Amino acid sequence: MTPGSPADASAERILAAVHAIPIGQVAGYGEVARRAGLPGRARLVARLLAGNEDPRLPWHRVLRSDGRIAFPAGSTGFIEQERRLRAEGVRVVAGRVKGQRIATSVDEQVWGPG
DNA sequence: GCAGTGACGCCGT
DNA sequence: TACGGCGCCACTG
């Protein structure tokens, strides 16, 4: 193992950023990566979620920048994510989150669309 | 070291 | 809104 590797620390920050997403709210992969201090590492976030084993991790609150579920429509992950989001009161139509806007930058999360 | 692949993002049409 | 193309990063054979 490499407990002191920077990749491990980054993964920890990413998971923390995902946990920080409030119930009923959603965030984009890029936004999560940005919060973790890893701008441009959206794919790394996806890889982490794909291999996460923590059932408490609100991975379903992470969407693409388009506001759509990243899984292919009809797949197991797609159905599961859609179901979990709806359980939290999030309106999901055709695999897309409605009534909310995916922040692509920290400014939008803090200040809003403007 | 190179090529292929993916729960991505941005831009142009 | 939908599609296609290109770029970027990390992992695997």
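Letters A, B, ... are given to chains in the order of the sequence lines, protein chains preceding strands, and every chain is numbered from 1. Only a predicted model underlies this, so the values are computations on that prediction, with no experimental measurement involved.
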It should be established whether R41(A) places a side-chain nitrogen or oxygen under 4.0 Å from OP1 or OP2 of nucleotide dA10(C).
yes

Looking at dC11(C), I'd like to know if its phosphate oxygens (OP1 or OP2) sit under 4.0 Å from a side-chain N or O belonging to R43(A).
no

Whole Å only: how far is the CG atom of L49(A) from the C1' atom of dG6(B)?
13 Å

Rounded to whole Å, how long is the line connecting atom CD of E82(A) with atom P of dA7(B)?
18 Å

Minimum heavy-atom distance V93(A)-K98(A), with the two atoms named:
CG2-CG, 3.8 Å

Quick one: on DNA chain C, does K98(A) or L44(A) contact a more 5' nucleotide (nearest heavy atom)?
K98(A)

Does the side chain to side chain contact (heavy atoms under 4.5 Å, CB included) test come out yes or no for R61(A) and I23(A), once each step is laid out?
CA-CA 8 Å; R61(A) 293 175 199 156; I23(A) 297 176; 3.2 Å; yes

Show the nearest heavy-atom pair for residues I14(A) and V32(A), with the distance to one decimal.
O-CG1, 3.9 Å

May I have the distance from R84(A) (atom CZ) to dA7(B) (atom C1'), rounded to whole angstrom?
14 Å

Taken to the nearest whole Å, CD1/I102(A) to C1'/dA7(B) is 14 Å

Which atom pair, heavy atoms only, marks the closest approach of W59(A) to L49(A)?
CB-CD2, 4.0 Å

Whole-Å distance between dC8(B) P and R34(A) CZ?
16 Å

note: I14(A), atom CD1; dA10(C), atom C1'; distance rounded to Å ~ 11 Å

Taking only the side-chain nitrogens and oxygens of R47(A), find out if one of them lies under 4.0 Å from OP1 or OP2 of dT5(B).
no

Test item: Q81(A) side-chain N/O and G95(A) main-chain N/O as donor-acceptor pair under 3.5 Å:
no

Once you apply a heavy-atom cut-off of 4.0 Å, does G30(A) come out as touching a base, just sugar-phosphate, or nothing?
sugar-phosphate

Is S75(A) close enough to dA7(B) that one of its side-chain N or O atoms is under 4.0 Å from OP1 or OP2 there?
no

Could you check how far CZ of R68(A) sits from P of dG9(B), rounded to whole Å?
12 Å

Check the phosphate of dC8(B) against R64(A), side-chain N and O only, distance under 4.0 Å to OP1 or OP2. Yes or no?
yes

Atom CD of E53(A) and atom P of dA7(B): how far apart are they, to the nearest Å?
17 Å

